[in-house]
K.L.:
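Submitted below is the structure of interest, expressed as structure tokens.
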2 protein chains.
Amino acid sequence: MELLSNTKSFGGWLKRYRHESLSVRGEMTFAIYLPPQAETQKVPVLYWLSGLTCTDENFMQKAGAFRKAAELGLAIVCPDTSPRGTDYPGEHESYDFGSGAGFYVNAEVAPYSNTYHMYDYVVQELPHLVETHFPVTDQRAISGHSMGGHGALICALKNPGKYQSVSAFAPITNPTQCPWGEKAFAGYLGEDRKAWKEWDATCLIEKAEERLPLFIDQGEADNFLVEQLKPEAIEAACESAGHPITLRRQPGYDHSYFFIASFIDEHLEFHSKALS
Amino acid sequence: MELLSNTKSFGGWLKRYRHESLSVRGEMTFAIYLPPQAETQKVPVLYWLSGLTCTDENFMQKAGAFRKAAELGLAIVCPDTSPRGTDYPGEHESYDFGSGAGFYVNAEVAPYSNTYHMYDYVVQELPHLVETHFPVTDQRAISGHSMGGHGALICALKNPGKYQSVSAFAPITNPTQCPWGEKAFAGYLGEDRKAWKEWDATCLIEKAEERLPLFIDQGEADNFLVEQLKPEAIEAACESAGHPITLRRQPGYDHSYFFIASFIDEHLEFHSKALS
């Protein structure tokens, strides 16, 4: 692992690393915020999955999360949103497919199947790396925004026991039924729509082995609410399956980090309770 | 004034405007954060002056200031760091001169003397505009970072009674004696170094008519500390003149917004006390 930067904030340290990833067969960059408590004890980790177009930096710069993380003694890890080392035809042309848009799945369609294994990276490789190299416990929480909010939901739903808590901001809840998801899943997973259901949070609720409560904040002034995010889909699936969900519709808030910043403290407190 | 965006955050609203400025003879963009209290009463205003290369957006996105501003009932106004509508020879070539680097002075050297009147804009035109169009009182505080930290200091020192409080993060304290300042002052003010002293915070301390306390945070791991910022210069001037100053050297912190975010709450509380 190569340390790219090391910046003090709220008494803790934000560190960015580049490393060779086995999952994506190339270099990946991630960031970790270590709260001051990590100097003398192991701390639990919140994994944050960002949305379309983001890198490891957006959340760290814009969410205003470090104050509360430093208070709670919580580390935060932000991976990138896709592999970056390739140049497949069209890979860098759309904001919603290819680079910056890995959707936290394992791609099965060539050439993306060679490297776009963001699910394996986020669920297996990155926690292993983090738990090997940093003063952290094996207590994990996961959260994210938009594409990353959905990523957090499927990582938790597909891995009972792996995460102590899950939350999301404005997640795509039902990607098999919205334009962003249909484009990404067709491109990464192929044309068999039945297979897509293994990667759709709303479809996974019905057979979830663990009743891990979902905590979701959604802005009511979010431009993507009706066409792409569809919180009513996962809400109905949870109701039907008896899966616990807290879905808060926040009047006036949009899809931006100004919305995330407004409620991140409550999410960190929610996770900290589950992790302690 | 043209409203460019309107975004809810922490119960208040971040609004960006474009308007025709008389001071700079062209369009300017600024941002205002109105806390929730502004819906029912007038609130005081903190003016934030950003550093080299910034626009009105950096502080608003990265400082994490809205949570505390919403709690205290404080509006925050961020102007841009220079006029943007011109294309003088070399204006856009350096990060430390011309666009993005107005230094909050009134330029006297052509062609900059035609439009680079950032001091008049920040001290006169912008407060007048803000106090005319928004639910704010005439209670004002001023703060900023680096070039903008120096801007805040000179605005306060040159205008007794105009601001109730002043603070700065990692300010250039003595621009007549550092490379950034020498380049900017030569380019904007001309070769008469005596005239520069009217725009140098450290030089202004000696004849300050008002003993407004200076509150400064400076990171000890700041790359620009020794060559450009020189807090010891203003500290010595304050000691010599009996001007009140609180200069905190923060171990381990650099020049970034991660440093500002770590201490912005304390600055907002400092200003709020002076404004109430």
K.L.:
If I measure from the heavy atoms of chain A, does B:Asp265 come under 4.5 Å with its side chain, its backbone, both, or neither?
P.N.:
side chain
K.L.:
Of the listed residues (A:Ala63, A:Ala70, A:Ser9, A:Gly219), which shares the most heavy-atom pairs with chain B below a 4.5 Å separation?
P.N.:
A:Ser9
K.L.:
Answer yes or no: are there more than 12 heavy-atom neighbours, outside B:Lys15 itself, under 6.0 Å from its atom NZ?
P.N.:
yes
K.L.:
Measure distances from B:Leu14 to the heavy atoms of chain A and classify the residue's part below 4.5 Å as side chain, backbone, both or neither.
P.N.:
side chain
K.L.:
Please determine whether side chain to side chain donor-acceptor pair (under 3.5 Å) holds for the pair B:His271 and B:Ser167, giving the CA-CA distance in whole Å, both sets of side-chain angles, and the decisive distance to 0.1 Å.
P.N.:
CA-CA 8 Å; B:His271 291 295; B:Ser167 78; 2.8 Å; yes
K.L.:
For chain A, find which of B:Gln250, B:Lys62, B:Arg67 contributes the most heavy-atom pairs closer than 4.5 angstrom.
P.N.:
B:Arg67
K.L.:
Chain A heavy atoms under 4.5 Å from B:Phe10: which part of the residue, side chain, backbone, both or neither?
P.N.:
both
K.L.:
Please report the C-alpha distance between A:Glu2 and A:Arg18 in whole Å, then the side-chain angles of each, then the deciding distance to 0.1 Å, and finally whether the salt bridge (Lys or Arg N to Asp or Glu O under 4.0 Å) criterion is met.
P.N.:
CA-CA 5 Å; A:Glu2 179 192 357; A:Arg18 185 159 46 206; 3.2 Å; yes
K.L.:
Please examine the side chains of B:Tyr253 and B:Phe263, heavy atoms only from C-beta on, and report whether any two atoms are closer than 4.5 Å.
P.N.:
yes
K.L.:
Write down the atom of B:Phe30, the atom of B:Pro79, and the distance for their closest heavy-atom approach.
P.N.:
CB-CA, 4.0 Å
